[in-house]
Visitor: 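Questions regarding the structure given below will be posed in turn.
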Amino acid sequence: MAEKYKLSEGSLRVIMKGGQIDNAIMQVLDTKRIASGNTDKERYRLLLSDGKHLFSFAMLTSQINDQIVNGELSDNSIIKIKKYITSVINNVGKAKRVLVILEMETLVRGENTSKIGSPEPLPDDDEPLVENDSKNKQVSSTSSSTLHVVNGNNRSVNDPNVSIQDQLTHPISSLSPYQNKWIIKARVSNKSNVRTWSNSRGEGKLFSMDLIDESGEIRATAFRELVDKFYDLIEIDKVYYISKCQLKIANKQFSNLNNDYEMTFTPDTIVQECHDVVESIPQTRYDFISINKITHIEVNTLIDVIGVCKNVSDLQMFQAKSTGRELKKREVTLVDQSSNSIALTLWGAEAESFDGSSQPVIVIKGARVSEFGGGKTLSTGVSSIMKINPDIPEAHRLRGWFDNEGISKTAVNISARSESGGYQTQWINIKDVQEMGMGQGEKGDYFQVKGTILLYRSEGGIYKACPKEDCKKKVVDQGNGMYRCDKCNREYPNFKYLLLGSANIGDWSGNMWISLFSSEAEKVLEMSSQAVGEAIESDPQALVEIADKAHFKQFVFRCRSKMENYNDETRLKTVALKVEPVNYKECNSHAISRIQELLN
DNA sequence: CCCCCCCC
């Protein structure tokens with residue numbers, strides 16, 4: 001099998017002297033984990049042979065470590081190097097050339113072959129094949145790899161007579177806090193607004209940017225006076241040489257960039273725009289998660305997602321419970337080739353300006369996964385980047401799928417609350433609500449129970465609400481034919497009736513009070529809110545009779561219980577999110593399985 | 001040195 005592949009003899013010498021070799025075929029004679037204090041930042045060093053020479057300063061970019069970890073890259077493997085960078089690292093004061101493999105393919109696994117030829121160590125005193133001959137001229141390549149050629153290795157980053165372009169650049173993936181002499185050549189793929197903060201540790205302002213090169217990406221942040229120095233200089237999509245930043249461990253909670261470190265600008269930081277041809281530096285890196293897989297992703301994770309905007313809601317406004325701030329949101333339904341859909345919430349200005357009417361492809365880097373009522377949702381935040389109809393292959397493929405197939409397909413909605421979408425909440429008995437200590441958590445507890453309406457409360461069972469769709473705020477009768485909604489902050493000439501359901505439900509084990517959404521109260525009373533309101537207009541006691549008809553009816557109540565505060569008192573509040581007729585087949589099979597459990 | 005990211 002190995003005979004099929006001939007090693008690219010002599011290629012190592014060419015590559016390490018600045019030449020370009022596409023798809024070089026080499027043999028990996030040995031792999032070694034590089035000792036590092038941080039186990040998250042594993043690095044592997046390879047001993048490579050091109051059949052003629054040996055080279056031991058080869059590394060894998062950490063993104064492809066799994067090819068070693070899963071055993072695919074055992075000793076003697078024959079590989080094709082599809083993408084690489086050569087670079088220089090500072091090795092105890094001496095510049096040392098390394099080869100960083102960005103992308104490779106295993107052609108023959110090690111166990112199916114053996115060492116080929118008698119390669120000898122690559123001499124490192126050769127004359128360069130390519131000279132870095134003119135000042136201010138970086139060796140650039142339009143191919144997938146950029147080469148940075150050594151031409152005298154003792155130039156210091158500190159030498160003010162040397163323009164930064166003359167220096168050697170390092171791949172972003174090689175940066176670490178343990179080594180501070182480096183220059184990166186990176187594109188700014190995202191730049192935040194200037195934000196201010198004020199907390200117990202002080203106050204100030206900052207902005208951050210995402211930097212990207214062929215090897216990887218990293219976030220950089222500038223604080224206080226460095227904001228004034230750099231904010232206007234740095235523009236999105238431009239390429240810069242950057243050096244002398246401080247490296248620290250990245251907090252994964254706030255960034256999903258593929259880097260264990262992040263950088264902070266210092267007063268010594270140097271930023272210089274690069275005007276060379278730089279098409280080899282990518283625009284943005286994505287690690288898209290298919291929508292059906294988001295079901296299993298932990299809440300609060302940041303992910304990259306791509307989807308067609310199948311539906312979009314109106315702009316909604318309300319006040320934040322905690323801060324009282326006016327919030328604006330818009331909900332977008334994204335669908336992808338998995339034929340699953342998810343709700344994405346946009347906030348603030350992004351929500352306001354969003355136009356989804358043409359069903360565009362939406363790409364989000366760093367969307368936050370949340371949970372609502374048992375379903376998963378996404379939302380954008382300060383560090384997410386949203387792109388509409390970006391010119392990337394994934395977007396074109398998705399467009400094609402949607403226009404031909406997706407548009408007429410029903411998608412599984414993974415944001416569906418527990419009552420639909422195949423997500424089953426737990427069946428319980430009423431006594432369990434107390435006994436299991438429901439509702440202690442932040443999000444509350446969800447369950448379903450089969451119960452009988454013992455008492456439907458008619459007092460205060462209906463109110464005049466804001467006529468605006470989706471607004472359920474009680475209006476204040478102005479006495480002049482106008483009704484004021486404090487939530488919308490305006491007066492309307494009309495209102496709508498809404499039921500405010502409250503009922504005591506019981507089963508064999510006990511009873512409890514629940515409140516019901518108006519839509520669900522309508523199901524229990526078998527009347528619309530509007531009809532009940534009109535009945536009350538002619539007879540104030542009408543709801544007593546209407547409620548009486550609901551007594552002793554049986555339903556399945558899908559509920560959420562949560563501890564809530566009422567004037568210094570904490571009480572458990574249970575809301576029936578959904579009321580459904582009893583499905584006897586389902587209830588009985590549940591009862592049978594419970595009996596089986598008890599027998600065992 | 002930020003890091004709140006909201007609501008049903």
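Remember, predicted model here, so these are calculated numbers, not experimental data. Letters go in sequence order (proteins before strands), and every chain restarts at 1.
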Visitor: Can you name the residues that form a side-chain contact (heavy atoms from CB on, under 4.5 Å) with A:Gln440, not counting sequence neighbours?
Guide: A:Met563
Visitor: Summarise how protein sits on nucleotides 3-8 of chain B as a single string, 5' to 3': B when a protein heavy atom is under 4.0 Å from the base, S for sugar-phosphate-only contact, - for no contact.
Guide: BBBBBB
Visitor: Taking side-chain contact (heavy atoms from CB on, under 4.5 Å) as the test, write out the residues that go with A:Leu315, two or more places apart.
Guide: A:Lys328, A:Arg330, A:Ala351, A:Glu352
Visitor: Check side-chain contact (heavy atoms from CB on, under 4.5 Å) between A:Asn292 and all other residues, then give those that pass, not counting sequence neighbours.
Guide: A:Ser290, A:Ser338, A:Asn340
Visitor: Strictly by ring-ring contact (aromatic ring centres under 6.0 Å, His included), give each pair with a member in residues 455-476 of chain A just once, sequence neighbours left out.
Guide: none
Visitor: Not counting sequence neighbours, which residues clear side-chain contact (heavy atoms from CB on, under 4.5 Å) with A:Gln554? List them please.
Guide: A:Lys450, A:Thr452, A:Val582, A:Tyr584
